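Structure record follows, encoded as C-alpha coordinates.
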Amino acid sequence: MTHRLTTSEADLARAATLLRDGGLVAIPTETVYGLAVRADDADAVTRLFVAKGRPADNPLIVHVADVDAVHAVAREVTPLAHDLLARFAPGPLTVVLPARSDLPRAVTGGLDTVAVRIPDHPVAHALLRLAGVPLAAPSANRSTRPSPTRAEHVLTDLDGRIDAVVDAGPTRIGIESTVVDARGTVPVVLREGGVTREEIAAALGHPDTAEHDAARRDDALAAAARSPGTRHPHYAPALPLHLAPTGGGAELARSIAEGGGRVGLVAVRASGDLAPIDAPTDARPDAPPGAGDVVVLGVPRDPAALAADLYGLLREAEAQGLDAVVIESVPEEGVGRAVMDRLRRAAESSSA
Ligand code: TXA
Ligand code: MG
(Lines give C-alpha, C1' and ligand atoms only; values in the text may rest on other atoms or scores of the structure.)
(Ligands and ions follow the chains in the order given, each with its own letter.)
Protein backbone atom coordinates (compact mmCIF):
# COMPACT_ATOMS: atom_id res chain seq x y z
CA MET A 1 0.00 0.00 0.00
CA THR A 2 1.29 3.42 -0.96
CA HIS A 3 0.86 6.19 1.63
CA ARG A 4 -0.03 9.66 0.37
CA LEU A 5 1.93 12.06 2.51
CA THR A 6 1.77 15.84 2.75
CA THR A 7 4.63 18.21 3.52
CA SER A 8 3.56 18.58 7.17
CA GLU A 9 6.28 18.09 9.75
CA ALA A 10 4.67 14.84 10.92
CA ASP A 11 4.42 13.44 7.39
CA LEU A 12 8.01 14.36 6.53
CA ALA A 13 9.18 12.62 9.71
CA ARG A 14 7.20 9.56 8.61
CA ALA A 15 8.72 9.67 5.12
CA ALA A 16 12.21 9.92 6.63
CA THR A 17 11.54 6.91 8.87
CA LEU A 18 10.33 4.89 5.89
CA LEU A 19 13.51 5.86 4.01
CA ARG A 20 15.79 5.00 6.93
CA ASP A 21 14.09 1.60 7.14
CA GLY A 22 14.92 0.89 3.48
CA GLY A 23 11.55 1.93 2.05
CA LEU A 24 10.83 3.41 -1.39
CA VAL A 25 9.48 6.96 -1.13
CA ALA A 26 8.71 9.27 -4.06
CA ILE A 27 9.84 12.78 -3.26
CA PRO A 28 9.56 16.14 -5.03
CA THR A 29 12.61 17.88 -6.45
CA GLU A 30 12.78 21.07 -8.51
CA THR A 31 13.07 19.00 -11.73
CA VAL A 32 10.77 15.96 -11.48
CA TYR A 33 9.63 13.62 -8.69
CA GLY A 34 12.30 11.10 -7.74
CA LEU A 35 11.85 7.62 -6.28
CA ALA A 36 14.18 7.75 -3.30
CA VAL A 37 15.87 4.96 -1.39
CA ARG A 38 18.88 4.99 0.90
CA ALA A 39 21.94 4.71 -1.33
CA ASP A 40 23.90 2.60 1.16
CA ASP A 41 21.37 -0.27 1.21
CA ALA A 42 21.94 -2.63 -1.72
CA ASP A 43 18.75 -4.64 -1.05
CA ALA A 44 16.60 -1.51 -0.99
CA VAL A 45 18.23 -0.32 -4.23
CA THR A 46 17.43 -3.68 -5.84
CA ARG A 47 13.77 -3.34 -4.79
CA LEU A 48 13.73 0.08 -6.43
CA PHE A 49 14.92 -1.34 -9.77
CA VAL A 50 12.16 -3.96 -9.56
CA ALA A 51 9.44 -1.40 -8.70
CA LYS A 52 10.38 0.75 -11.71
CA GLY A 53 11.06 -2.15 -14.08
CA ARG A 54 14.44 -0.52 -14.74
CA PRO A 55 17.34 -2.35 -16.43
CA ALA A 56 19.95 -3.14 -13.75
CA ASP A 57 22.79 -1.59 -15.77
CA ASN A 58 21.21 1.90 -15.82
CA PRO A 59 22.80 3.70 -12.84
CA LEU A 60 21.02 5.98 -10.39
CA ILE A 61 21.67 9.60 -9.40
CA VAL A 62 22.57 9.95 -5.71
CA HIS A 63 21.11 13.01 -3.95
CA VAL A 64 22.96 14.65 -1.07
CA ALA A 65 22.21 17.67 1.14
CA ASP A 66 25.28 19.81 0.47
CA VAL A 67 28.67 19.93 -1.22
CA ASP A 68 30.47 18.37 1.77
CA ALA A 69 28.21 15.33 1.53
CA VAL A 70 29.35 14.65 -2.05
CA HIS A 71 32.41 13.06 -0.44
CA ALA A 72 30.15 10.41 1.12
CA VAL A 73 29.70 8.82 -2.32
CA ALA A 74 32.51 10.20 -4.55
CA ARG A 75 36.13 9.12 -4.12
CA GLU A 76 37.37 12.38 -5.56
CA VAL A 77 35.77 15.78 -6.12
CA THR A 78 37.71 17.29 -9.02
CA PRO A 79 38.43 21.04 -9.28
CA LEU A 80 35.97 21.10 -12.20
CA ALA A 81 33.25 19.52 -10.04
CA HIS A 82 34.00 22.03 -7.28
CA ASP A 83 33.57 24.92 -9.71
CA LEU A 84 30.34 23.49 -11.13
CA LEU A 85 28.86 22.79 -7.70
CA ALA A 86 29.91 26.22 -6.41
CA ARG A 87 27.88 27.79 -9.19
CA PHE A 88 24.93 25.39 -9.64
CA ALA A 89 24.34 23.61 -6.32
CA PRO A 90 21.72 23.32 -5.12
CA GLY A 91 20.14 23.01 -8.53
CA PRO A 92 19.36 20.87 -11.59
CA LEU A 93 22.95 19.80 -12.25
CA THR A 94 24.32 16.27 -11.75
CA VAL A 95 28.08 15.65 -11.76
CA VAL A 96 29.66 12.29 -12.60
CA LEU A 97 32.72 11.54 -10.46
CA PRO A 98 34.80 8.50 -9.45
CA ALA A 99 32.69 6.41 -7.03
CA ARG A 100 33.76 5.41 -3.55
CA SER A 101 34.35 1.69 -3.42
CA ASP A 102 31.92 1.23 -0.50
CA LEU A 103 28.99 2.50 -2.56
CA PRO A 104 26.78 -0.49 -3.50
CA ARG A 105 27.40 -1.50 -7.13
CA ALA A 106 23.65 -1.69 -7.65
CA VAL A 107 23.57 2.13 -7.44
CA THR A 108 26.19 2.65 -10.15
CA GLY A 109 25.01 -0.16 -12.41
CA GLY A 110 28.45 -1.73 -12.05
CA LEU A 111 30.34 1.43 -13.16
CA ASP A 112 33.22 2.86 -11.15
CA THR A 113 31.66 6.32 -11.35
CA VAL A 114 28.77 7.88 -9.46
CA ALA A 115 26.32 10.62 -10.51
CA VAL A 116 25.60 13.07 -7.67
CA ARG A 117 23.35 16.07 -7.27
CA ILE A 118 22.11 18.49 -4.62
CA PRO A 119 18.43 19.17 -5.27
CA ASP A 120 17.00 22.66 -4.93
CA HIS A 121 13.72 21.85 -3.21
CA PRO A 122 12.88 22.50 0.44
CA VAL A 123 11.11 19.15 0.86
CA ALA A 124 13.93 17.13 -0.75
CA HIS A 125 16.36 19.05 1.43
CA ALA A 126 14.36 18.41 4.61
CA LEU A 127 14.14 14.68 3.82
CA LEU A 128 17.88 14.40 3.15
CA ARG A 129 18.55 16.06 6.51
CA LEU A 130 16.00 13.94 8.38
CA ALA A 131 17.05 10.65 6.75
CA GLY A 132 20.70 11.52 7.34
CA VAL A 133 21.94 9.35 4.44
CA PRO A 134 22.50 9.95 0.71
CA LEU A 135 19.39 9.05 -1.27
CA ALA A 136 19.57 7.33 -4.66
CA ALA A 137 16.62 8.56 -6.72
CA PRO A 138 15.78 7.97 -10.37
CA SER A 139 12.70 9.69 -11.78
CA ALA A 140 9.61 8.17 -10.09
CA ASN A 141 8.01 6.70 -13.23
CA ARG A 142 7.71 3.15 -14.51
CA SER A 143 10.53 2.55 -16.97
CA THR A 144 9.72 4.03 -20.46
CA ARG A 145 6.98 6.33 -19.04
CA PRO A 146 7.40 10.12 -18.89
CA SER A 147 9.03 11.47 -15.74
CA PRO A 148 6.41 12.53 -13.15
CA THR A 149 5.98 16.23 -12.45
CA ARG A 150 3.05 15.76 -10.05
CA ALA A 151 2.33 13.27 -7.26
CA GLU A 152 -0.65 11.97 -9.28
CA HIS A 153 1.72 10.96 -12.10
CA VAL A 154 3.75 8.95 -9.59
CA LEU A 155 0.63 7.16 -8.39
CA THR A 156 -0.54 6.43 -11.95
CA ASP A 157 2.68 4.50 -12.53
CA LEU A 158 3.63 3.15 -9.10
CA ASP A 159 0.61 2.98 -6.76
CA GLY A 160 0.92 -0.19 -4.69
CA ARG A 161 4.55 -0.74 -5.75
CA ILE A 162 6.18 1.86 -3.46
CA ASP A 163 5.80 2.76 0.22
CA ALA A 164 4.82 6.42 -0.04
CA VAL A 165 4.70 9.58 -2.12
CA VAL A 166 5.21 13.04 -0.63
CA ASP A 167 2.91 15.45 -2.48
CA ALA A 168 4.38 18.95 -2.78
CA GLY A 169 2.44 19.98 -5.89
CA PRO A 170 3.85 20.37 -9.40
CA THR A 171 7.62 20.56 -9.87
CA ARG A 172 9.10 23.87 -11.03
CA ILE A 173 11.42 22.92 -13.92
CA GLY A 174 9.64 19.87 -15.31
CA ILE A 175 12.55 18.18 -17.08
CA GLU A 176 15.43 16.33 -15.47
CA SER A 177 18.82 17.62 -14.37
CA THR A 178 21.75 18.17 -16.71
CA VAL A 179 24.25 15.31 -16.31
CA VAL A 180 27.88 16.39 -16.71
CA ASP A 181 30.97 14.20 -16.61
CA ALA A 182 33.20 16.26 -14.30
CA ARG A 183 36.14 13.88 -14.02
CA GLY A 184 38.34 15.74 -16.48
CA THR A 185 39.21 19.40 -16.86
CA VAL A 186 36.38 20.29 -19.26
CA PRO A 187 32.72 19.49 -18.67
CA VAL A 188 31.21 16.87 -20.99
CA VAL A 189 27.43 17.07 -21.10
CA LEU A 190 26.02 13.52 -21.01
CA ARG A 191 22.37 14.56 -20.79
CA GLU A 192 20.81 17.96 -21.51
CA GLY A 193 18.64 19.28 -18.70
CA GLY A 194 17.66 22.09 -16.38
CA VAL A 195 21.06 23.82 -16.39
CA THR A 196 21.87 25.01 -19.92
CA ARG A 197 25.16 24.67 -21.81
CA GLU A 198 25.22 28.45 -22.06
CA GLU A 199 25.05 28.76 -18.26
CA ILE A 200 27.81 26.18 -17.82
CA ALA A 201 30.02 27.90 -20.38
CA ALA A 202 29.43 31.32 -18.80
CA ALA A 203 30.13 30.01 -15.28
CA LEU A 204 33.43 28.40 -16.29
CA GLY A 205 34.55 31.10 -18.70
CA HIS A 206 34.85 28.46 -21.43
CA PRO A 207 33.59 29.03 -24.94
CA ASP A 208 30.17 27.51 -25.58
CA THR A 209 30.44 23.85 -24.54
CA ALA A 210 28.35 22.82 -27.56
CA GLU A 211 31.04 24.07 -29.94
CA HIS A 212 33.61 22.56 -27.71
CA ASP A 213 31.94 19.16 -27.94
CA ALA A 214 31.56 19.47 -31.70
CA ALA A 215 35.29 19.98 -31.97
CA ARG A 216 35.79 16.85 -29.90
CA ARG A 217 33.15 14.65 -31.43
CA ASP A 218 35.01 11.45 -30.63
CA ASP A 219 35.12 12.41 -26.98
CA ALA A 220 31.45 13.23 -27.05
CA LEU A 221 30.62 9.84 -28.55
CA ALA A 222 32.77 8.08 -26.00
CA ALA A 223 31.01 10.11 -23.31
CA ALA A 224 27.59 9.07 -24.58
CA ALA A 225 28.71 5.46 -24.35
CA ARG A 226 29.65 6.16 -20.73
CA SER A 227 26.16 7.40 -19.91
CA PRO A 228 24.18 4.18 -19.99
CA GLY A 229 20.81 5.92 -19.69
CA THR A 230 21.15 7.42 -23.16
CA ARG A 231 21.25 3.87 -24.62
CA HIS A 232 18.08 2.67 -22.95
CA PRO A 233 14.59 3.18 -24.35
CA HIS A 234 13.13 6.43 -23.13
CA TYR A 235 9.56 7.56 -22.96
CA ALA A 236 7.70 5.62 -25.63
CA PRO A 237 4.37 7.40 -26.15
CA ALA A 238 1.26 5.24 -26.33
CA LEU A 239 0.19 7.37 -29.32
CA PRO A 240 2.07 8.69 -32.40
CA LEU A 241 4.00 11.87 -31.57
CA HIS A 242 4.76 14.31 -34.41
CA LEU A 243 7.31 17.07 -34.09
CA ALA A 244 6.15 20.15 -36.04
CA PRO A 245 8.35 23.02 -37.19
CA THR A 246 8.28 26.13 -35.03
CA GLY A 247 5.01 27.91 -35.72
CA GLY A 248 3.73 25.04 -37.87
CA GLY A 249 1.92 22.96 -35.26
CA ALA A 250 -1.65 23.99 -36.03
CA GLU A 251 -1.20 23.30 -39.74
CA LEU A 252 0.31 19.86 -39.19
CA ALA A 253 -2.34 18.92 -36.60
CA ARG A 254 -5.12 19.91 -39.00
CA SER A 255 -3.67 17.95 -41.88
CA ILE A 256 -3.36 14.82 -39.69
CA ALA A 257 -6.90 15.32 -38.36
CA GLU A 258 -8.23 15.45 -41.91
CA GLY A 259 -7.53 11.74 -42.07
CA GLY A 260 -9.92 11.31 -39.09
CA GLY A 261 -9.37 10.95 -35.36
CA ARG A 262 -8.60 13.36 -32.55
CA VAL A 263 -5.23 15.06 -32.70
CA GLY A 264 -3.75 16.86 -29.71
CA LEU A 265 -1.77 20.04 -30.27
CA VAL A 266 0.86 21.70 -28.11
CA ALA A 267 2.00 25.00 -29.63
CA VAL A 268 4.35 27.52 -28.12
CA ARG A 269 2.62 30.90 -27.85
CA ALA A 270 5.63 32.98 -28.85
CA SER A 271 6.06 31.01 -32.06
CA GLY A 272 2.94 32.09 -33.91
CA ASP A 273 -0.49 33.59 -34.13
CA LEU A 274 -2.88 31.94 -31.68
CA ALA A 275 -6.10 32.64 -33.50
CA PRO A 276 -5.98 29.72 -35.94
CA ILE A 277 -5.12 27.31 -33.13
CA ASP A 278 -8.19 28.25 -31.13
CA ALA A 279 -10.57 27.74 -34.04
CA PRO A 280 -12.01 24.21 -33.91
CA THR A 281 -11.42 22.29 -37.16
CA ASP A 282 -15.07 21.43 -37.60
CA ALA A 283 -15.88 25.16 -37.78
CA ARG A 284 -13.80 25.52 -40.92
CA PRO A 285 -15.92 25.78 -44.05
CA ASP A 286 -13.36 23.85 -46.11
CA ALA A 287 -13.01 20.92 -43.66
CA PRO A 288 -13.49 17.68 -45.60
CA PRO A 289 -16.38 15.44 -44.51
CA GLY A 290 -15.38 12.92 -41.84
CA ALA A 291 -12.44 15.03 -40.74
CA GLY A 292 -11.37 14.65 -37.13
CA ASP A 293 -10.75 17.22 -34.45
CA VAL A 294 -7.78 19.18 -33.25
CA VAL A 295 -7.72 19.36 -29.46
CA VAL A 296 -5.51 22.12 -28.09
CA LEU A 297 -3.77 20.50 -25.12
CA GLY A 298 -1.66 23.45 -24.13
CA VAL A 299 -0.15 26.71 -25.30
CA PRO A 300 2.94 27.27 -23.14
CA ARG A 301 4.21 30.85 -23.41
CA ASP A 302 7.91 30.00 -23.95
CA PRO A 303 10.32 27.03 -24.02
CA ALA A 304 10.74 27.06 -20.22
CA ALA A 305 6.97 26.84 -19.78
CA LEU A 306 6.89 24.00 -22.32
CA ALA A 307 9.58 22.21 -20.30
CA ALA A 308 7.51 22.60 -17.13
CA ASP A 309 4.34 21.20 -18.73
CA LEU A 310 5.75 18.76 -21.28
CA TYR A 311 5.49 15.46 -19.42
CA GLY A 312 2.09 16.34 -17.95
CA LEU A 313 0.77 17.21 -21.43
CA LEU A 314 2.02 13.90 -22.85
CA ARG A 315 0.30 12.01 -20.03
CA GLU A 316 -2.85 14.07 -20.67
CA ALA A 317 -2.82 13.19 -24.38
CA GLU A 318 -2.68 9.50 -23.44
CA ALA A 319 -5.36 9.83 -20.78
CA GLN A 320 -7.75 11.51 -23.25
CA GLY A 321 -7.22 8.59 -25.64
CA LEU A 322 -6.16 10.88 -28.48
CA ASP A 323 -5.07 9.30 -31.76
CA ALA A 324 -1.94 11.43 -32.18
CA VAL A 325 -0.23 14.44 -30.69
CA VAL A 326 1.61 17.25 -32.46
CA ILE A 327 4.19 19.33 -30.59
CA GLU A 328 5.90 22.40 -32.00
CA SER A 329 9.68 22.54 -32.05
CA VAL A 330 11.44 25.25 -30.08
CA PRO A 331 14.81 26.83 -30.90
CA GLU A 332 17.81 24.70 -29.86
CA GLU A 333 19.21 27.12 -27.35
CA GLY A 334 19.02 27.38 -23.58
CA VAL A 335 16.48 25.01 -22.08
CA GLY A 336 15.19 24.44 -25.65
CA ARG A 337 18.02 21.93 -26.18
CA ALA A 338 16.80 19.69 -23.38
CA VAL A 339 13.19 20.00 -24.54
CA MET A 340 14.11 19.05 -28.11
CA ASP A 341 16.26 16.16 -26.87
CA ARG A 342 13.30 14.69 -24.98
CA LEU A 343 10.87 15.35 -27.85
CA ARG A 344 13.11 13.71 -30.45
CA ARG A 345 13.60 10.61 -28.33
CA ALA A 346 9.85 10.38 -27.72
CA ALA A 347 9.00 10.96 -31.40
CA GLU A 348 11.56 8.34 -32.47
CA SER A 349 10.14 5.69 -30.17
CA SER A 350 6.53 6.50 -31.07
CA SER A 351 4.85 4.84 -34.03
CA ALA A 352 4.47 8.14 -35.92
O1 TXA B 1 16.45 15.65 -12.32
C2 TXA B 1 16.87 14.49 -12.23
O3 TXA B 1 18.01 14.17 -12.60
C4 TXA B 1 15.92 13.45 -11.64
C5 TXA B 1 15.63 13.84 -10.20
C6 TXA B 1 14.78 12.83 -9.49
O7 TXA B 1 16.84 14.07 -9.53
N8 TXA B 1 16.50 12.14 -11.72
C9 TXA B 1 16.61 11.45 -12.89
O10 TXA B 1 17.13 10.19 -12.72
O11 TXA B 1 16.30 11.91 -13.96
P12 TXA B 1 17.09 9.07 -13.87
O13 TXA B 1 17.53 7.83 -13.20
O14 TXA B 1 15.76 9.06 -14.50
O15 TXA B 1 18.21 9.51 -14.87
C16 TXA B 1 19.57 9.43 -14.48
C17 TXA B 1 20.46 9.59 -15.67
C18 TXA B 1 20.43 8.39 -16.57
O19 TXA B 1 20.54 8.81 -17.91
C20 TXA B 1 21.66 7.61 -16.12
O21 TXA B 1 22.17 6.74 -17.10
C22 TXA B 1 22.62 8.74 -15.82
O23 TXA B 1 21.82 9.73 -15.20
N24 TXA B 1 23.67 8.31 -14.90
C25 TXA B 1 23.53 7.89 -13.63
N26 TXA B 1 24.71 7.51 -13.11
C27 TXA B 1 25.63 7.71 -14.07
C28 TXA B 1 27.03 7.50 -14.16
N29 TXA B 1 27.73 7.01 -13.14
N30 TXA B 1 27.66 7.81 -15.32
C31 TXA B 1 26.96 8.32 -16.37
N32 TXA B 1 25.63 8.52 -16.35
C33 TXA B 1 24.97 8.22 -15.22
MG1 MG C 1 14.23 8.65 -15.70
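Values in this document were obtained by computation on a predicted structure and should not be read as measured data. Every number for a ligand or one of its atoms is a count from 1 in the order of the listing.
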Would you be so kind as to tabulate the donor-acceptor pairs closer than 3.5 Å made by side chains of residues 76-99, with sequence neighbours excluded?
residue	atom	partner	partner atom	Å
Thr78	OG1	Ala81	N	3.0
Thr78	OG1	Ala182	O	2.6
Thr94	OG1	Ser177	OG	2.8

| Quick check: does any side chain N or O of His153 sit under 3.5 Å from a backbone N or O of Thr149, one acting as donor and the other as acceptor? | yes

| query | At a 4.0 Å cut-off, with the gap strictly under it, does some heavy atom of Ala137 reach an atom of ligand 1? | reply | yes

| request: Heavy-atom contacts with Pro138 under 4.0 Å: which atoms of ligand 1 show up? List them by number with element. | output: 10 (O), 12 (P), 13 (O)

| query | Which is it for Thr113 and ligand 1 at heavy atoms under 4.0 Å: side chain, backbone, both or neither? | reply | both

| task | Report yes if some N/O of Arg117 lies less than 3.5 Å from some N/O of ligand 1; otherwise report no. | result | yes

| Is the closest basic N to carboxylate O distance between Arg262 and Asp323 below 4.0 Å? | no

| query | If hydrogens are left out, which of Ala115, Ser139, Ala36 has an atom nearest to atom 12 (P) of ligand 1, that is, the closest non-hydrogen atom? | reply | Ser139

| said: With respect to the Mg ion (ligand 2), please indicate if Ser139 possesses an N, O or S atom at a distance under 2.8 Å. | reply: yes

| request: Give the contacting part of Arg54 toward ligand 1: side chain, backbone, both or neither, where contact means a heavy-atom distance below 4.0 Å. | output: side chain

| Given Glu30 and Arg117, is the salt bridge (Lys or Arg N to Asp or Glu O under 4.0 Å) satisfied, shown in steps? | CA-CA 12 Å; Glu30 78 279 28; Arg117 93 175 185 96; 2.8 Å; yes

| request: Can you sort out which atoms of ligand 1 are near Val96, meaning under 4.0 Å from one of its heavy atoms? | output: 30 (N), 31 (C)

| query | Counting heavy atoms only, which of Val179, Thr31, Val180 comes nearest to atom 5 (C) of ligand 1? | reply | Thr31

| said: To the nearest 0.5 Å, what is the distance between OG on Ser147 and CZ on Arg315? | reply: 8.0 Å

| query | Looking at Arg254 and Asp293, does any basic side-chain N land under 4.0 Å from a carboxylate oxygen? | reply | no

| field | Per-atom contacts, ligand 1 versus His63 - under 4.0 Å to a heavy atom | value | 5 (C), 6 (C), 7 (O)

| task | Please check if the side chain of Arg54 supplies one atom and the backbone of Asn58 the other of a donor-acceptor pair under 3.5 Å. | result | yes

| Does ligand 1 have an atom that lies less than 4.0 angstrom from a heavy atom of Thr108? | no

| said: Using salt bridge (Lys or Arg N to Asp or Glu O under 4.0 Å), reason through Arg129 and Asp66 one step at a time and then give a plain yes or no. | reply: CA-CA 10 Å; Arg129 292 269 176 222; Asp66 53 38; 3.3 Å; yes

| Ligand-residue contact atoms, ligand 1 with Gly34, heavy atoms, under 4.0 Å | 6 (C)

| remark: The answer for which part of Ser177 has a heavy atom under 4.0 Å from ligand 1 is both

| query | Which residue from Pro92, Pro59, Pro119 reaches closest to atom 33 (C) of ligand 1 through any of its heavy atoms? | reply | Pro59

| field | Side-chain heavy-atom pair Ile162, Val25 within 4.5 angstrom cut-off | value | no

